[in-house]
Amino acid sequence: MKRFIALFFALLLCITPVIGASASEISETDINITYISDELDLLSPEGEISLTDMILDIKDLYGCDVGVYTVDVSDVSFSDMYVFEYADSHYINAGFSNDGILLMIYSDGEELGSYIKTSGEVATVISDLDLNIIYSNYESYLFEGYYFEAVKSYIEDCTMEFQRHNADFSVNEPVYIKDDANILTDSEEASLKEDILAIKEEYQCDVAFYSVDFGSASISDYDAQCHAEEHYSISGLSSDGILLMIFFAGNGNGTRMVTSGECVDMFTDDDFINIEDNYYDYLADGRYYKAVESFISDSKYEIHDFRSFDGIWCFIAPAIGAVASFFSVGKMKNDLKSVRSKPNASDYAKSGSMNVTRSNDVFLYRRVTRTARPKDTSSGRSGGGGGSFGGHSGRRF
Amino acid sequence: MAQLIQHKCPACGASIQFDSGTQKMSCPYCDSELDVAALLSMDEELNNDNQESSMEWETTPSDSWHPGETEGIRIYVCQSCGGEVIGDETLASTKCPYCDNNVIMTGQFQGDLRPDYVIPFKLSKEDAIAGLKKHVEGKKLLPKIFKDENHIEEIKGIYVPVWLFDADVDANIRYIATRTHMWSDSNYNYTETSYFSVTRLGSIGFENVPVDGSTKFDDDVMESLEPYDFSEAVDFQTAYLSGYLADRYDVDSDQSIARANERIKTSTEDTFRNTVTGYVTVTTDSSSINLSNSQCKYALYPVWILNTKWEDKNYIFAMNGQTGKFVGDLPYDKKKYWLYFALIAGGIAAAILIIALLLFFL
């Protein structure tokens, strides 16, 4: 037994550096980004090479990714929702960085359609108006069948926009605090950002805050969730993080917490409720700084708690040990007992004497019981907004 | 006074005994060996030639037994040395405490008390000692002092009286059996349980189902020693008892029937239940068991036995004198119990904590 345990730990120690080495190899290796993925075969190989060169030049100059994706969607029931999901999914799978833009051209078997997805700082640089101009420029080429020219027009327009805004995405830092509703003073924002950066440094995890005023528009929980996730995607935040969105809308003010990456598992429903309970009173009183401060402080606590060695193992381990030991020693004790009455006479049945003369199986009745399956709650994961998010829909205030 | 019999060596006249190794009568003094059948013929001849001597004494005892005082007590006189052997009313074979000769109380086997069969001892006292040593081996919680003080030299061979029951069984058994089927939709998980009435009719035969015929020997110990191989049983002869203790039954066959029926009924239900297949659960709902061709035999089964005392508690160990199966509950050392408990619990807890720490830091 001792040898076995020693061998187990020796193997564990041998495997550990191998795993570590493999992980570092992956992180150090450049991910091969597929800038142009032409599943519809709209572009010639030479055209693809030429366009890729243009895209790589943009990457060198501005530090952002420009992608093209053509896809056949004729085998699925297609809707606008699928357009977003296809684009988001490809954006992630192709390995694009946080700051980027993707043109998706899709065919439903009868006609072509297109959609442009922007991410990170690119989304703040290229406005909806800019997108309309880009779209109108390549649209005519696209529907006349000049696909290379259409894609080339899109890339050139992107370059022009980046140039016009003097953009440099390589040095952009994540937007930790975006107070579009103007509920915080500059000094308050600075103070909160200090706390957020301290958390980032200590735990490599982003905590962010976003306020937005929708005016008189009516915002549903689903809209709020999509908006929060969209903001998370374009803020340049790392894959592991939590965002609090405070929104003001015609149908009531509210909050939404969105988690991403490791934070999805880090924050449980109970954690969300606890965090919300702590900041809710401040929000109701209009003390927004204290509310956000409470959110950041509670988030730090949860991240620390998750990243710390869970002390509960100090109780679980002895409990498991005690139970296992109870059975083990119980077996030893049971081994001392060998006197037991013999309830049957199976040793004395005459060999071959058994004879079944009648065998009858009759169905009597049937009983069906059912138990309710657990329902999904408002908290949970969602696939929209450029990645897998978790989150919590807060109370209106 | 009860009648005693002693088997003597025709060569040297010493008391002879049954040898479990050679399955013959042997003389411990001159090493002569004799077939059991030949010995019986010779004993008959000697009895015919025996001339009674008349050397009687007139004695007046200073005191006499009070009425009822001798109930349950039997006094025998050793034919070798004349010493008195006092035993209980069921004692059938023993050794004379004065001359160490083997004596058999033939009166205990007369009339309807005579056993039909006996399974002779196949294993010796040395085998029993080895069996006991093996029995206590590797028992981690056994007190060390118990191993040292278990008086292995006091192991005795004893023939235990048993009743053997034969019967053919006609069974009519009804079982309730169930099958389950599970599925789910978006809202519920469903479990459908179907109930069946399953009937089995048939017959099965049992032979030589043993029931302990002695109140002095624990029934559970006797059943734990099973099974005995009845094919090695022989017609009863007192010669087989030489060198061993023996009791006559004090639980008669009528009193033993209930236990035999219980065992036969359980076995019948279990055996027929094995023919009920394709169900998740099968439980016996009702059973009608009828016996035919039933008969009962009286036999003596060989057992090596050791009674020992530890911390004011009696412990009994027994070995099947035919197969060598050894049984006997052993005491446990409370200090060792908690020591092992702490060691195992601590070891597992430490291993879990190490793995948890490794997973956390990796």
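Predicted model, so just to flag it, every value in this text is computed and none were measured. The chains referred to below are lettered A, B, ... by the order of the sequence lines, with proteins before strands, and numbering in each begins at 1.
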For a quick test of reading the model, state the closest non-hydrogen atom pair linking A/Ser353 to B/Ile204 and the distance between them. OG-CG1, 3.6 Å
Counting heavy-atom pairs under 4.5 Å to chain B, which of A/Ser328, A/Ala324, A/Ser338 comes out on top? A/Ser338
What closest approach, in Å, do B/Ile264 and A/Ala345 show between heavy atoms, and which atom pair accounts for it? N-CB, 4.3 Å
Output for pair (B/Thr191 OG1, A/Arg367 CZ), nearest 0.5 Å, gives 12.5 Å
Shortest non-hydrogen contact between B/Phe272 and A/Val356, atoms and distance: CE2-CG2, 3.9 Å
Nearest atoms (heavy-atom pairs only) where A/Val329 meets B/Tyr340: CG2-C, 4.0 Å
Apply the side-chain contact (heavy atoms from CB on, under 4.5 Å) test between A/Arg366 and each candidate in B/Arg179, B/Glu192, B/His181; give the one that qualifies. B/Glu192
Qualifying salt bridge (Lys or Arg N to Asp or Glu O under 4.0 Å) pairs with a residue from residues 323-332 of chain A, counting only residues at least two apart or across chains: A/Lys331-A/Asp335
Considering only heavy atoms and a distance below 4.5 Å, find which of B/Ala260, B/Ala342, B/Gly328 pairs most often with chain A. B/Gly328
Candidate pair B/Arg200 and A/Ser359, rule side-chain hydrogen bond (donor to acceptor under 3.5 Å, both in side chains), full reasoning: CA-CA 5 Å; B/Arg200 293 288 182 271; A/Ser359 182; 2.7 Å; yes
Using modelled atom types and a 3.5 Å cut-off, is there a donor and acceptor pairing between side-chain atoms of A/Ser346 and backbone atoms of B/Ser267? no
Which of B/Pro227, B/Gly202, B/Ser203, B/Gly138 touches chain A most, by non-hydrogen pairs under 4.5 Å: B/Ser203
Interatomic spacing from NZ in A/Lys333 to NZ in B/Lys336 - rounded to 0.5 Å: 15.0 Å
Spacing of CG belonging to A/Asp361 relative to OH belonging to B/Tyr279, to within rounding of 0.5 Å: 3.5 Å
Closest approach of A/Val339 and B/Asp329, non-hydrogen atoms and distance? N-OD1, 3.0 Å
Tell me the residues of residues 315-323 of chain A whose non-hydrogen atoms fall below 4.5 Å from those of chain B, in number order. A/Ala317, A/Pro318, A/Ile320, A/Gly321, A/Ala322
Rounded to the nearest 0.5 Å, what's the gap from OH on A/Tyr348 to CD on B/Glu226? Could you check? 3.5 Å
Minimum side-chain heavy-atom gap B/Phe196-A/Leu364 below 4.5 Å: no
Distance under 6.0 Å and angle within 45° of ring axis: A/Lys350 vs B/Phe206: no
For B/Tyr188, does the six-membered ring have the charged nitrogen or CZ of A/Arg370 within the cation-pi criterion, i.e. under 6.0 angstrom from the centroid and within 45° of the normal? yes
Using modelled atom types and a 3.5 Å cut-off, is there a donor and acceptor pairing between side-chain atoms of A/Ser325 and backbone atoms of B/Phe341? yes
Highest number of heavy-atom pairs under 4.5 Å with chain A among B/Arg174, B/Glu269, B/Glu262, B/Arg259 belongs to B/Arg259
